[in-house]
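Presented below is the structure to which this report refers.
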Amino acid sequence: MQVLSVHSWPQAIAHLDADAFFVSCEQASMPALKGKCVAVGKERGIIIALSYEAKAKGVKRGMFVSDAKRICPGIIILDSNHETYGLFSVRMFEILKRFSPKIEEYSVDEAFIDLTGLRRLYSCSYEEIAVKIQNTIEQELSISVSIGISITKVLAKIASKYKKPHGITAIPGNKIHLYLSNILIEDVWGIGPNTASLLKKFDIKTALDFALKNENFVKKYLSKPYIQIYKELKGEPSIEFIEKISPKSISKAKSFYPPSQKPEDLILPHQTMPFALSIYSLTLFLIMALKDRCFLFFKAISLAS
DNA sequence: CTGGGGTCCT
DNA sequence: AGGACCC
């Protein structure tokens, strides 16, 4: 079998996925619920999250609560509490930021972490860094997470769900093909039912079948997002890493008309009013957007000709 | 095989 | 605007 990428770690991208996140948050808040069949979704009568114990009994997401109770007598059904989940999420991302400055908050319970070059700092392998992250989250938040590490985002996604719950999976560049042969094409991030059935018409059933196709085929039948997925499966980074860094400073420029000729013009109300209004609306926006995460202050109001 | 909310692409 | 896909 041909090797898709020669180098083990040209870069290291981790994908973290919390295990049964909503239920884990409830169990962390109410330890008596740990190890039990627990689900969330009482208020709508539909199961939206469930513990692994409940999964083992055959309960599924989207089921009616009444059916879940029949299949799994004694299951504890809770109202969902999204404020709590948001708090756990923020605390989880804060832990991740201690390990790497480059984090992509992908969803409430998922994140990408760029670990490239951090082995020397922690004096251990990428896999062992993932273990440290997993342990820290467990100790501080008492929730369980699974982590995958590989050389692209798509491969890291595959790695994080390779072993769940509480798994750690590393896919170095020179071992990609060994993992992709076990991955169904419809299980690849970004390949939906539509594209999966198209690819199956060409006898592409696994992620490896897809990765081994030549690029001309892919460009002929598929659009941009799928070309990116194809490249990422082969170990070539193609999907942008989106860091959501809150800006250190924000500036707002406003031009005056007519242009001022001398300093005294600047104090004329009809010219400064629009500027004051735009500052006011920008400030309101910042207060809403940044809330309690930042202190807001004005550093300078500068004038240019 | 449930569904509301979101993003990215054509 | 509509399609595909994600959580």
Side-chain angles (χ1 to χ4, degrees), chain A residues 13-26 39-52 54-55 58-72 75 77 79-90 92-93 96 103-113 143-148 152-162 164-165 183-202 204 207 210 218-233 237-244 289:
Chain A
I13 305 296
H15 177 255
L16 177 145
D17 194 348
D19 304 320
F21 183 63
F22 290 180
V23 168
S24 291
C25 295
E26 299 293 350
V40 157
K42 196 179 181 191
E43 71 283 356
R44 292 178 53 211
I46 289 167
I47 305 293
I48 58 181
L50 61 157
S51 67
Y52 278 80
K55 259 176 218 177
V59 182
K60 298 246 190 311
R61 261 173 50 114
M63 262 174 73
F64 291 118
V65 166
S66 50
D67 294 334
K69 282 178 173 166
R70 244 184 341 94
I71 293 172
C72 181
I75 189 171
I77 313 282
D79 284 328
S80 59
N81 184 347
H82 291 274
E83 305 78 44
T84 304
Y85 312 148
L87 275 166
F88 273 87
S89 180
V90 167
M92 190 173 81
F93 295 136
L96 298 184
I103 306 291
E104 175 177 342
E105 298 177 11
Y106 180 68
S107 76
V108 68
D109 71 329
E110 285 181 41
F112 291 97
I113 310 138
I143 66 171
S144 165
V145 302
S146 298
I147 301 176
T152 66
K153 288 171 76 176
V154 167
L155 291 169
K157 261 274 196 184
I158 286 171
S160 70
K161 75 173 176 187
Y162 201 81
K164 245 185 158 316
I183 305 298
L184 262 23
I185 191 66
E186 61 265 35
D187 291 337
V188 175
W189 181 43
I191 307 284
N194 227 307
T195 309
S197 66
L198 170 70
L199 291 175
K200 279 179 183 171
K201 288 186 175 64
F202 294 98
I204 296 166
F210 190 35
V218 179
K219 285 185 172 159
K220 185 170 161 71
Y221 293 107
L222 298 167
S223 57
K224 183 177 171 182
Y226 305 99
I227 296 164
Q228 287 183 307
I229 291 165
Y230 166 77
K231 287 180 176 173
E232 292 241 329
L233 284 174
S238 185
I239 300 176
E240 198 189 351
F241 194 102
I242 305 159
E243 290 176 77
K244 291 177 192 99

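We name chains A, B, ... by the order of the sequence lines, and we start the count at 1 in each one. Basis for what follows: all heavy atoms, side chains included, without hydrogens, waters or symmetry-related copies.
In this structure, A:L50 atom CG and B:dT2 atom C1' are separated by 14 Å, rounded to whole Å. If you measure from atom NZ of A:K157 to atom P of C:dC7, you get 4 Å, rounded to the nearest angstrom. Atom P of nucleotide C:dC7 and atom CG of A:D17 are separated by 8 Å, given to the nearest angstrom. Straight-line distance from the CD atom of A:E110 to the P atom of C:dC5: 18 Å, rounded to whole Å. The distance between atom CG of A:N194 and atom C1' of C:dC6, rounded to the nearest whole Å, is 15 Å. In this structure, A:H15 places its NE2 atom 12 Å from P of C:dC6, rounding to the nearest Å. Rounding to whole angstrom units, CD of residue A:E43 and P of B:dG3 are separated by 15 Å. For the pair A:L199 CG and C:dA4 C1', the computed distance is 13 Å after rounding to whole Å.
In this structure a side-chain-to-backbone donor-acceptor pair under 3.5 Å is missing from A:K157 to A:V188. Formation of a donor-acceptor pair under 3.5 Å by the A:S24 side chain with backbone atoms of A:I143 is not found in this model.
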Should A:E43 and A:S80 be marked as a side chain to side chain contact (heavy atoms under 4.5 Å, CB included) after you check the CA-CA gap, both sets of side-chain angles, and the distance that decides it?
CA-CA 7 Å; A:E43 71 283 356; A:S80 59; 2.6 Å; yes

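Distance check, rounded to the nearest 0.5 Å: CZ of A:F88 to CD of A:E83 gives 13.0 Å.
The residue A:I48 sits apart from the nucleic acid: no heavy atom pair falls under 4.0 Å.
Remark: A:T195 is in phosphate contact with C:dC5, judged by side-chain N or O atoms under 4.0 Å from OP1 or OP2. At C:dC5, one or more side-chain N or O atoms of A:Y226 fall inside 4.0 Å of OP1 or OP2 (strictly under the cut-off).
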